[in-house]
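Read through the structure below, which is laid out as structure tokens, and then see the notes.
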Amino acid sequence: MEGGTAGARARGDRREIESAVIRFAGDSGDGMQLTGTQFTQATAIARNELATFPDFPAEIRAPVGTTFGVSAYQINFGARTIKTAGDDLDVLVAMNPAALKTNLKDVKRGGLVIVDIGEFTDKNFRKVNYASNPLEDGTLDGYKSLRIDMSRLTLESVAQFGLGQKDGLRCKNMWALGLIYWMYGRDPQVTVDWLKVRFAKNQTLADANIAALKAGHAFGETAEMPAEVGQILVPAAPIRPGLYRALTGTEAVAWGLVTGAHLARLPMVFAGYPITPASALLHVLAGLKEYDVLTFQAEDEIAAACAAIGASYAGALGVTSSSGPGVALKTEAIGLAIATELPLVIVNSQRGGPSTGLPTKTEQSDLYQSVWGRNADAPLVVLAAHSPGDAFEVAIESVRIAAHYMTPVILLTDGYIANASEPWQIPDLSKLAPFPVKFRENPEGFHPFLRDERLVRNWAKPGTPGLQHRIGGIEKDYNSGNISYEPENHQKMTDVRRNRILGIAKDIPLQKVEAGNAKGRLAVVGWGSTYGPISRAVDRCRADGLDVSHIHLRHIWPLPRNLGDLLKGFDQVIVPEMNDGQLVTLLRAQYLVPAQGLNKVTGKPFKISEIESAIRDRLATRQAAE
Amino acid sequence: MEGGTAGARARGDRREIESAVIRFAGDSGDGMQLTGTQFTQATAIARNELATFPDFPAEIRAPVGTTFGVSAYQINFGARTIKTAGDDLDVLVAMNPAALKTNLKDVKRGGLVIVDIGEFTDKNFRKVNYASNPLEDGTLDGYKSLRIDMSRLTLESVAQFGLGQKDGLRCKNMWALGLIYWMYGRDPQVTVDWLKVRFAKNQTLADANIAALKAGHAFGETAEMPAEVGQILVPAAPIRPGLYRALTGTEAVAWGLVTGAHLARLPMVFAGYPITPASALLHVLAGLKEYDVLTFQAEDEIAAACAAIGASYAGALGVTSSSGPGVALKTEAIGLAIATELPLVIVNSQRGGPSTGLPTKTEQSDLYQSVWGRNADAPLVVLAAHSPGDAFEVAIESVRIAAHYMTPVILLTDGYIANASEPWQIPDLSKLAPFPVKFRENPEGFHPFLRDERLVRNWAKPGTPGLQHRIGGIEKDYNSGNISYEPENHQKMTDVRRNRILGIAKDIPLQKVEAGNAKGRLAVVGWGSTYGPISRAVDRCRADGLDVSHIHLRHIWPLPRNLGDLLKGFDQVIVPEMNDGQLVTLLRAQYLVPAQGLNKVTGKPFKISEIESAIRDRLATRQAAE
Amino acid sequence: MNVQSPKKLLPKDYATDQDVRWCPGCGDYAILRGVQKALADMGADPANTVFVSGIGCAARFPYYVATYGFHTIHGRAPSVATGVKLANPNLTVFVVGGDGDGLSIGGNHTMHAIRRNIDINYLLFNNEIYGLTKGQYSPTSRLGTRSPSTPTGSIDPPVSALQFAMGANARFIARTIDRRQDHMPAIVARAAAHKGCSFVEIIQNCIVYNDGAFDSFAEKDVKDEQQLELVHGKPMLFGKAKNKGIRFNPKTMSLEIVTIGENGISAADIIVHDETNRMLAVMLCQLEPPNFPVPIGVIYCNPAPQPYETAVWAQIATAKEKLKGKPADLNAMLRKGATWTVAG
Amino acid sequence: MNVQSPKKLLPKDYATDQDVRWCPGCGDYAILRGVQKALADMGADPANTVFVSGIGCAARFPYYVATYGFHTIHGRAPSVATGVKLANPNLTVFVVGGDGDGLSIGGNHTMHAIRRNIDINYLLFNNEIYGLTKGQYSPTSRLGTRSPSTPTGSIDPPVSALQFAMGANARFIARTIDRRQDHMPAIVARAAAHKGCSFVEIIQNCIVYNDGAFDSFAEKDVKDEQQLELVHGKPMLFGKAKNKGIRFNPKTMSLEIVTIGENGISAADIIVHDETNRMLAVMLCQLEPPNFPVPIGVIYCNPAPQPYETAVWAQIATAKEKLKGKPADLNAMLRKGATWTVAG
Ligand SMILES: Cc1ncc(C[n+]2csc(CCOP(=O)(O)OP(=O)(O)O)c2C)c(N)n1
Ligand SMILES: Cc1ncc(C[n+]2csc(CCOP(=O)(O)OP(=O)(O)O)c2C)c(N)n1
Ligand code: SF4
Ligand code: SF4
Ligand SMILES: [Mg+2]
Ligand SMILES: [Mg+2]
């Protein structure tokens, strides 16, 4: 079972299990994200498959000890394919009462809770409205628990470095990590190395953190641990040999865009305005200047979109990025790019809405906005990535389509994909086939809206002698590119805009079935970051002999040519989405298939079990009805 | 036949016909809009039914004599119900070669073309690329024509007033109007009276224009007219007795909003930013200050939407208005109104797109944007008006829903409705039932997101003692209204936002069938300004015994409760729209009915004949296939 | 303005029950304290006071003030506030926002609120950084600022909040500092009392992303030397010994620092602050560290005959005069202009 | 800037084949003429010149200039132009827009383009009205303007384009007038030659909706008395007899009109124009009719060491130095940071 301990058996000293889900939770000042990232790294090196889910608080730094200041990092790792961060927790590391309070409900019954009792003080209970000490009042009934005064032990372990109490306690996360490393038999060296680099300018801090890490590890080895805690082995997964790294969705998109631009032989101008969770893309790209990436932090999203459009007009690849509310602001500008038929990539890292909503939580509720969210008949291309690794490919594909079809492309990711990290086999980019853009250079017979057989206009960049031309948002004459208010011409241009985009369907792969048959009783159709839980849920059900298939869309618009036929081959279609039912609307309208939504809007990814039980329900109900 | 001369027969001197379509076309400086408006007025007083279509050039004042400077005004009037401005022209008045060139194709074969030969000069031919004189080169073959040197005759008629040549020629439109008044037996007095008011400050101009008008009229009476021109009688229509006025869609919306606000007992704050064709609403409302209307021209559309939202927060009815590109800019702000559950009316006078598109032309392509064009799950209410008279009612309904359901309402009109005018029986507003808003006043147990059984929150306005509260765009706790990042709460609030809007379906009329049966072979489903041509086309087909029904939607979201069942009662459903297929998508997705689009995107309204032949085609094909 | 409350409220009466969620040590806490004190000093009626904000750390402010409040969207607070004030001119309306909110995405609305002179009180918390989105540089960040979006340093010259406001035709501008609790409440109260748009820059330390950016003049130990505290009618003196002053040099048309008693400088050479002198205000806005002390206090105050909303309502009142005291008759509205009767 | 064209072009060579669609008599025609002459005078290479505009009558401009051109959306031309210039700094980029385009909806982008100091040349056609949308008042319309949206007169004080630009930290501002064909080309050429953002207000008569708004100073017969033609290094004299001048009054800190030969005034009292003096520029921007002649010419020009896009590209160049002349290796990008090998 994903996130489960099924298959546990003893091997040597260590209990062997197939997979485990651990969550580190603590105050935002406790460094839980770093802890999680380090554990991920060590786990990847130990050749487990894995997936992660970082969950930040909305506040920058909420007051210490409050529930809304809790930061958490979850990792699911195993000896077999892992596709989600896991439903329920095997182990929760709770660095304070707030972390316990907000996370305990996710621990599976019988799971292990590790707490730093040094933080379990009356003052801290009050901050989170615990009426009594949860370690004593039965709150932990039904869970295993390990109660350690990590604060004190950490301070002792770093005493020699003469740090103050505050700085000393900052090493607590490393102490906890050391202990977990011991539990799962990880080599702490990767973190030792990393600490040396990170604190290169402050030897004392490096030493203290290393000491805490080692102390935590040693504590595991030497302390009398309750039998049920013990040491655990998650054997190596059958991972393809090669060079790996941890990849977040943000890095994936950044590197994919850069790669795409290089393959298109275009310099890239990225214009953005900070917004959670999209800002990180700007940050990563800002550090890639040597790869012909120019980044521009504009005064707002509108300016960012317009600067990207200006850059495309000037012959670069214009890219802009935001999340829902920011993309909303870009709407009018995107219309201009559609009307002038300029390449433009718009990355939308979706977050919870409406309005400011839940900015740090994930959601996939901008599909409507992407496909239909513009005034007038304004078709463009919409792609969605389903994981960090996938995002790399989809970003390249976005660039290819934008540059070769002279169109805006919206690339959808979400807060989950953006922040999650997964081990990624690093591809050899020299093997990718380039798709260089050919700019118009010949003045003979030129006008800016001359089209090829795919209805794509030629791209002439300022600076080219003899190709001076004017474009704009007013309707253009099909034959000359000049302004035209002619009724029939407007119809023709509307047709061209529609058909050019629809024609892209010829240039994308047919929709494949991820798992299961191409016909059958139930298709589960997903897009974006629901990939993991759908995939696992379908696998589980299929393992039980249920006739269910998984179809996952990368191309949201235009849709793959065969999708309609594919869907019609199933008795039932359900569409799990982290929104109130958006793709399902598109599919129903397109194909008149009675697809049904399975919707979750909580700011959290689906659990496998939620999708699994929906699948079982559907098949059972139908069976009963038949 | 609508726009036809069927039923013509002689009566006295005048040839009697059932209806006629006339278009006045000339340079934008020629005053064609005024001419048309005057003729409309006189025709209404003569008790004909009528509909009009003003068509402006995109330029403010294009150079004289150019095709892109042509301004036209079309009127269809008759002795029976008139629902469109008419397909083809019985009479074209072309004040110059440019007007002839751009309008001749719309004249029906055998129709009458009246030209001012004073403008048919070589210089003017060159301006419009006429290689030869169209009056002589066969261009007018197949048409009747009346060639008059109106320029000279006008100058002669006003010679006594000592105007210069330029000012004198400005009276030409009145001369032409006089002639047409004579043809159709209209009383010029209404225009004489109007000229006196209009030129109250310039007696000479008043006199000159009146003289020109009378001269044109006299010319008809005294000149030897070709027999086929003669005098025409369009008998009075069976019009309901009462007090009438001419009503444009813009006036209708303005007055409807004011009426709605009064019925709701709310002051109104209207915040807009000029944009064609929406600006006129701001202009009309700016003149209604004494009716508790505050108008505010903001620095842009975003500021306008936000000011309206601020006004609603403060306890007024906030209204904003724009057309497609401007509404696009308001998207993020509308999301805020959705999240904070504040009343807001957004009037969208749709125009041709994408981007700047065809700003002065009509289109109904913002349905997608209205229903789906926002980030996140962000439901609101969408209403559409189908004519000026209807717009008055729909505007009132928009206010009612916004104020009583604490929600943004998008009211869709279009360039055609906004500018078209129709005779309107003036209602007695004292007979309308008020729907006063009750503000929260009791501090007992108050929080801002307390809801009633319809899920509508209470509205507490600043200034009320004891109700101080804070609202915002971040997700709110269902039970306290405070900020909440709780997963389950977000789901609950998403449900509430959806269900509150869907619940409005209980409070709107069931969908009725405009014409035809409630079941049958073909339903033609429309919305907005396609009402006229659909209605006439269905009537004609039904008169021929075809089984076709007309359904016209006012409520686009939520849809009327019975609509699904209604549509399922038809073998076929077609959806004519002046867009590339938008309502049809919504209907297919909602009801899985195989509705088909009938789309026209030319910036011009449908012709009756276009819809009629589509109906006949569908019924014939189906018959053949059966 | 209508802020008299029946019973005298204390600063703590303006606090809500919500947890304050800024980073510990953030300058925003001090500003909250200062503003709550100002409200108490003014006797502001919570029921007639509204705080409107955009998005950002600063923009969380309304949740913590026990008046009416509206946390809107990024950059648009001046527009929402304009709507509030237009709808109900009796309300005292504050706008709170950060430098990004007010000068980056919201610059245009800030500008138009100022030039339109609507009677709102804009408190701009300038920490020269984007706090909420984790530290990107802002339009007020100094050249060379290293931030996540400018890893090799920012290269666009910053805008000066106050110079910008003057360019937009401001009629009230002032500056105060998070750490100056003794100074802030009076300035906020002055802004509130001003009829028309008042613009107050409040220097705010972001302890997480821009810590210490203002220490060179804001810290206690340097403030005498590095702050120029302006008071209308008082000479522009500063320094521990109050012996340094600002003089106008007509040749260069600029202000310069002089020391009384040195080079023949006497008290008479020192400019006396005149809040109503626009040119002087423009010059004061240009005084920047490290060459000059930072001017704080009311730099410019020159009210127009009436704020915008007063004129708006006056036009409505004039229109209503037509009605001669009778209620507006909607039937009359529909019957204006040409009508005709179709007889039965 | 890279504007040298191989063969000498004439103004007419910068005209397109498109019908010019402004109202007959519109001031835009004159501006088009003036700009085409400036291009010819500068020897601008049409292939390396781009005109970017927003929406409005003014914004139709690019269609009539035989260079590259982009007619974008309302208010956003500075942003699009920024993208063009960033992508290709070798292009000479002009922005053309009306007062509504540049100061109402687009005010923020105008401000940020100016403060960022990107090397674009902003030509703002100020007709103090919304032309294209048929005559509503604009943010530069004078108080009391009756327009369709302000039937009883506008009540919001206008913004001054040039004061606004100075508030945004402009480094080049100038003004010229549609009717001053003798003056305009040189000013436009100066703007183009300036490295960094240059902002030029061009007074433009809208014959349809705001006819005569500027006649009091723009018409031929009054221009000597009502225009103050500024030339760097030359005294600020005006009047038919060139005997009136501008003097600085240090008491009021303001400019005043004096007449040479009257009240003991001599030529030495008259200010000599110094384009580089910021304070002087601010004061000049405040001179407005009817009390003062209208300053035209280059009011302020004080280039920064480098414009924005130069600094942007310099950072890129620095980053590329790491590559030591080798092409960027994407494989290296993916392999930065921690990696591990899974053996076969
Ligand atoms: C439309 C939109 N764009 C961007 C954001 C992201 N965002 C939130 S606050 C902020 C800037 C914060 O800086 P500032 O206004 O200076 O406030 P501070 O946090 O420093 O107090 C940004 C970019 C947003 N919420 N909405
Ligand atoms: C988003 C958007 N809002 C509004 C408009 C309508 N609009 C077009 S031009 C214009 C203002 C024109 O005034 P100005 O910029 O001064 O130019 P002018 O016509 O006077 O030259 C407006 C409001 C638009 N095209 N797009
Ligand atoms: S990030 Fe900075 S501004 Fe924001 S709350 Fe923390 S310290 Fe304050
Ligand atoms: S409306 Fe005014 S600005 Fe526009 S083209 Fe006509 S005269 Fe020129
Ligand atoms: Mg800030
Ligand atoms: Mg203008």
Side-chain angles (χ1 to χ4, degrees), chain C residues 75 103-112 114-118 139 143 150-160 162-171 196 248-255 271 274 277-280 282-283 285-286 304 306 308-312 314-316 318-319, chain D residues 75 103-112 114-118 139 143 150-160 162-171 196 248-255 271 274 277-280 282-283 285-286 304 306 308-312 314-316 318-319:
Chain C
L103 295 172
S104 193
I105 190 169
N108 206 34
H109 309 305
T110 304
M111 185 265 273
H112 284 282
I114 291 173
R115 75 142 182 98
R116 207 175 268 134
N117 198 30
I118 185 145
L143 261 177
T150 51
T152 48
S154 67
I155 50 190
D156 28 342
V159 69
S160 145
L162 294 185
Q163 289 184 43
F164 171 72
M166 288 306 291
N169 227 339
R171 292 183 157 275
F248 178 67
N249 180 336
K251 288 227 182 57
T252 59
M253 291 191 190
S254 61
L255 304 180
I271 312 178
D274 174 2
N277 186 319
R278 198 177 145 73
M279 222 41 238
L280 181 59
V282 170
M283 283 191 279
C285 292
Q286 291 183 15
Q306 59 181 4
Y308 178 69
E309 73 282 1
T310 305
V312 170
Q315 288 196 334
I316 291 176
T318 306
Chain D
L103 295 173
S104 192
I105 190 168
N108 206 34
H109 309 304
T110 303
M111 185 264 273
H112 284 282
I114 291 172
R115 75 141 182 102
R116 206 174 268 135
N117 197 29
I118 184 143
L143 262 178
T150 51
T152 47
S154 66
I155 50 189
D156 29 343
V159 68
S160 146
L162 294 185
Q163 289 184 43
F164 171 71
M166 287 306 289
N169 228 340
R171 293 183 156 274
F248 180 67
N249 179 335
K251 289 228 181 55
T252 59
M253 293 194 191
S254 61
L255 303 180
I271 312 178
D274 174 3
N277 185 318
R278 200 177 142 75
M279 223 41 240
L280 181 59
V282 171
M283 285 191 276
C285 291
Q286 292 183 16
Q306 59 182 3
Y308 178 70
E309 73 283 1
T310 305
V312 170
Q315 287 196 334
I316 292 176
T318 307

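Letters A, B, ... are given to chains in the order of the sequence lines, protein chains preceding strands, and every chain is numbered from 1.
Taking 4.5 Å as the limit, every side-chain heavy atom of D:His112 sits out of range of all side-chain heavy atoms of D:His109. Two residues are said to be in side-chain contact when any heavy atoms from C-beta on lie closer than 4.5 Å; C:Asp156 and C:Pro158 fail this criterion. A heavy-atom distance below 4.5 Å is found between the side chains of C:Asn169 and C:Arg278. C:Arg115 is listed as a side-chain neighbour of D:Pro139, based on a closest heavy-atom distance under 4.5 Å.
With a 4.5 Å cut-off on non-hydrogen atoms, D:Gln286 touches chain C through its side chain but not through its backbone. Contacts between D:Ile271 and chain C at a heavy-atom distance below 4.5 Å involve the side chain alone, from C-beta outward. Of the two parts of D:Met111, only the side chain, counted from C-beta on, holds a non-hydrogen atom closer than 4.5 Å to a non-hydrogen atom of chain C. Heavy atoms of C:Phe248 lying under 4.5 Å from chain D belong exclusively to its side chain.
When C:Asp274, C:Ile105, C:Thr152, C:Ile118 are compared by the number of non-hydrogen pairs under 4.5 Å with chain D, C:Thr152 comes out ahead. Of the residues considered (C:Arg116, C:Met253, C:Gln306, C:Gln163), C:Met253 shows the highest number of contacts with chain D, using heavy-atom pairs under 4.5 Å. Most heavy-atom pairs under 4.5 Å with chain D, from the set C:Gly107, C:Ala304, C:Cys285: that is C:Gly107. Here C:Leu103 is the residue among C:Asn117, C:Leu103, C:Leu162, C:Ile114 with the most heavy-atom pairs under 4.5 Å with chain D. Taking chain D as the reference chain and counting heavy-atom pairs below 4.5 Å, the highest number among C:Ala311, C:Pro157, C:Pro250 is found for C:Pro157.
Contacts of C:Thr252 classified as side-chain contact (heavy atoms from CB on, under 4.5 Å), with partners at least two apart in sequence or in another chain: C:Asn249, C:Ser254. Residues passing the side chain to side chain donor-acceptor pair (under 3.5 Å) test with D:Arg171, sequence neighbours excluded: none.
Side-chain N or O atoms of C:Gln315 include one that pairs as donor or acceptor with a backbone N or O of D:Gly153 at under 3.5 Å.
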